[in-house]
> 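Shown below is the structure under consideration.
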Amino acid sequence: MKFWLFKSEPETWSWKDHCAVGVEPWDGVRNYQARNFMKEMSIGDLGFFYQSVKNPQIKGVVKIVKTYYPDPKDTRFGMVDLEAIETFLNPVTLKEMKKDSFLENLLLFRQSRLSVMPIPTNCWKHIVQLGNVDTNVKK
DNA sequence: GCCAACGTTGGC
DNA sequence: GCCAACGTTGGC
């Protein structure tokens, strides 16, 4: 099983929006590197929902429930379906992560414009602990 | 609101 | 195939 991170601006698509619908296709990715990561995803893999631009922070956890399929609007690109499964009671801010020596090599810092990326397993576990997960996303 | 980083487009 | 111009992302 692998771990990932997905970025979204809250004004475009927020964590609240995602929790309200449950499962949602992660479409609109128009970057080949990000697309290639999506092609590597398997059902059951987990990802962080990262809120970018406005108060950048990780809001919760999503699960890949459908593997990569092409976007009918542009078949060079595609999407995966993500289900919101856990909310962070304590969202983990970018600032906090940058200060954390445990996380210093994250792609998140090195390639700030990449919207989908892998997260190493040890970093994943560390961030989940910081986030203090609540499994009741509908609350 | 500014600006750095970086991906894409198009002229040559 | 190179590179300047331009557009977009995202941190601050």
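Below, each value reflects all heavy atoms present in this structure, side chains not excepted, and no hydrogens, waters or symmetry copies. By convention in this document, chain letters (A, B, ...) are assigned in the order of the sequence lines, proteins followed by strands, and residues within each chain are numbered from 1. All figures in this text were calculated on a predicted structure; none of them were measured in a lab.
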> Where the side chain of A:S115 is defined as all heavy atoms beyond and including C-beta, which of C:dG10, B:dC6, C:dG11 is the nearest nucleotide?
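Of the options given, the side chain of A:S115 lies nearest C:dG10.
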> From CZ of A:F109 over to P of B:dA5, roughly how many Å is that when rounded to an integer?
17 Å
> Nearest to the side chain of A:K98, heavy atoms from C-beta on, is which of C:dC12, C:dT8, B:dG7?
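Nearest listed nucleotide: C:dC12.
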> With hydrophobic residues grouped by side-chain heavy-atom distances under 4.5 Å, do A:M41 and A:F77 end up in a single group?
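Unlinked, A:M41 and A:F77 end up in two clusters.
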> Is A:D71 reaching over with its side chain to a backbone N or O of A:G28, donor-acceptor style, under 3.5 angstrom?
no
> Separation of A:R35 atom CZ from B:dT8 atom P, in whole Å?
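Checked: the CZ to P distance equals 11 Å.
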> Using atom CG of A:N31 as one end and atom P of C:dG7 as the other, report the distance to the nearest whole Å.
19 Å
> Rounded to whole Å, how long is the line connecting atom CZ of A:R113 with atom P of C:dC12?
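Going from A:R113 (CZ) to C:dC12 (P), I get 16 Å.
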> Please report, rounded to the nearest Å, how far the C1' atom of C:dG10 is from the CG atom of A:N55.
13 Å
> When you measure from the side-chain N and O atoms of A:K7 to the phosphate of C:dT9, is any distance below 4.0 Å, counting only OP1 and OP2?
no
> Tell me if the centroids of the rings in A:W26 and A:F49 come within less than 6.0 Å of each other.
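They qualify: ring centres under 6.0 Å apart.
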> Please assess A:L94 against A:F109 for the test side-chain contact (heavy atoms from CB on, under 4.5 Å), listing each intermediate value before the final yes or no.
CA-CA 9 Å; A:L94 178 63; A:F109 316 137; 3.7 Å; yes
> Please answer: with hydrophobic residues joined when any side-chain heavy atoms are less than 4.5 Å apart, are A:W13 and A:V65 in the same cluster?
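They do not share one cluster, since no chain of ILVMFWY contacts under 4.5 Å joins A:W13 to A:V65.
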> Base, sugar-phosphate or nothing for A:K54? Non-hydrogen atoms, less than 4.0 Å.
nothing
> Would you indicate which nucleotide in C:dG11, C:dT8, B:dT8 comes nearest to any side-chain atom of A:S52?
C:dG11
> What is the separation between atom CD on A:E11 and atom P on C:dT9, rounded to the nearest whole Å?
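Value for this atom pair: 13 Å.
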> To the nearest Å, give me how far apart CG (A:L114) and P (C:dG10) are.
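Spelled out: CG on A:L114 to P on C:dG10 is 9 Å.
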> Quick one: on DNA chain B, does A:R110 or A:V53 contact a more 5' nucleotide (nearest heavy atom)?
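Its nearest nucleotide being more 5', the pick is A:V53.
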> What does A:Y50 touch in the nucleic acid at a heavy-atom separation under 4.0 angstrom: a base, only the sugar-phosphate, or nothing?
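A:Y50: backbone/sugar contact only, no base atoms under 4.0 Å.
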> Starting from C1' on C:dT8, measure out to OH on A:Y32 and report it in whole angstrom.
16 Å
